[in-house]
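Notes to accompany the following structure.
Ligands are counted one by one from 1 in listed order, and the atoms in each one are counted from 1 as well. We number each residue from 1, following the sequence as shown.
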Amino acid sequence: SPEPLLQAANAAMHAAKRLPGTSVSWASEQQTQHLASSFRAEQALRAGLHHEEFTLMYQPKVAANTGALLGFEALVRWDRPGIGRISPMDFIPAAERNGLIVPLGELIITQACRQIANWRVQGFNAVPVAVNVSPLQLLDVQFPVMVMKTLKEFDIPPQCLSLEITETAAVAHMDQACEQITQLRQYGIDVALDDFGTGFSSLNMLRSLPLRTVKIDRSLIDPMPHVDAIAVVKAICDLAAVLQLKVVAEGVETEDHARAAMQAGCDALQGYLFAKPLEVDEATRWLGERY
Ligand code: C2E
Ligand code: MG
Ligand code: MG
């Protein structure tokens, strides 16, 4: 019948488009099912955006030497009616595949700016909040302008917002995003390279992108204070010092991690030892007590 035939043809077309150059592809049952499930994921994400089902949690970052609060990282959650809270690991990759990361990313920046503005009204003037952005958002030449417009809308100085980027499989060459990062830095917004030391991030990126901060992935922090692990973290800190980058250790879960990271040269620490990602009122309490 026509409908399954069209679905199968559509699935085959998608498979063909994934291959470079011209290609012929035959539809298979599996392809059709896969396409149907990613279509359902896309519909759900669209509905979630429409109904504003996304919220941000805020995880503190503290100074390695004093424990003072330096700022927060905003981490998105999706509260799906009837299903519950969903982790970003389960929907960001899908949003990157279907392009919805662009409107979702805009919503996240708007929500973070609204929260920064709320905190400013309460007298916490200069709390920096770091927002994660997909490198796919950075490929959009309009991205820096959108960020600046949002800051202006909420009357926030650019020092209050910073961005964390992770190189993913979605963008093989970060040099395409370099221009946007440069522009953001010129506006006064700091950019950090996230999850450093894992899969896609390279030493070359540390040198070639106009970054301010590097965040060491928790997979490198976790095995500390094993001597080999300390050596690796220390080497990254030494390199960062030469490149004038600040270093944040992610996933600090124990006193041993914290001590070793500080001794290795990390400037800031983030992890469950200090706090899990917090709801807004808990984050506000942190601001009152430790800022
Ligand atoms: P990330 O940016 O590296 O964020 C750190 C992740 O580690 C967070 O997971 C955080 O909850 C978790 N974490 C923090 N401290 C500890 C610790 O001590 N131990 C352990 N085991 N985990 C810790 P989360 O919130 O599930 O986020 C996962 C990833 O999803 C983030 O990794 C980030 O890449 C992405 N993500 C989160 N929010 C956004 C967003 O708004 N936009 C985009 N594009 N990506 C986001
Ligand atoms: Mg991050
Ligand atoms: Mg990270």
What part of [X], side chain, backbone, both or neither, has a heavy atom within less than 4.0 angstrom of ligand 1?
X      : result
Val252 : backbone
Lys276 : neither
Glu250 : side chain
Gln59  : side chain

Find the distance between CZ (Phe196) and CG (Leu203) and round it off to the nearest 0.5 Å.
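Going from the CZ atom of Phe196 to the CG atom of Leu203 covers 5.0 Å.
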So, of the N/O/S atoms that Glu73 has, which is the nearest one to the Mg ion (ligand 2)?
OE2
Name of the Glu164 N, O or S atom nearest the Mg ion (ligand 2)?
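Glu164's closest N, O or S atom to the Mg ion (ligand 2) is named OE1.
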Name, closest N/O/S atom of Asp194 to the Mg ion (ligand 3):
OD1
Test item: Arg120 side-chain N/O and Asn125 main-chain N/O as donor-acceptor pair under 3.5 Å:
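Yes, Arg120 side chain to Asn125 backbone: donor-acceptor pair under 3.5 Å.
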Under 3.5 Å: donor-acceptor pair, side chain of Asp195, backbone of Asp217
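No, Asp195 side chain to Asp217 backbone: no donor-acceptor pair under 3.5 Å.
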Metal-centred angle, the Mg ion (ligand 3) as apex - OD1 of Asp195, OE2 of Glu250, 10° resolution:
140°
Winner among Asp194, Leu104, Val76 once heavy atoms are compared against atom 38 (N) of ligand 1
Val76
Just going by heavy-atom distances, which of Asn132, Ile109, Asp222 is nearest to atom 43 (C) of ligand 1?
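Of the listed residues, Asn132 has the closest heavy atom.
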Does Lys215 reach ligand 1, in the sense of a heavy atom lying below 4.0 Å from it?
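So Lys215 does not count as touching ligand 1.
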Looking only at heavy atoms of Glu73, does any of them come nearer than 4.0 Å to an atom of ligand 1?
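Within the 4.0 Å threshold, so yes.
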What do you reckon, does Val133 have a nitrogen or oxygen under 3.5 Å from a nitrogen or oxygen of ligand 1?
no
Test log, rule side-chain contact (heavy atoms from CB on, under 4.5 Å), inputs Ile109 and Glu106
CA-CA 5 Å; Ile109 287 185; Glu106 255 187 76; 5.9 Å; no
Below 4.0 angstrom from a heavy atom of Glu253, which ligand 1 atoms are there? Numbered from 1 as shown, please.
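This gives 17 (C), 18 (O), 19 (N), 20 (C), 21 (N) as the contact atoms.
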Give a yes or no on whether Asn132 keeps an N, O or S atom under 2.8 Å from the Mg ion (ligand 2).
yes
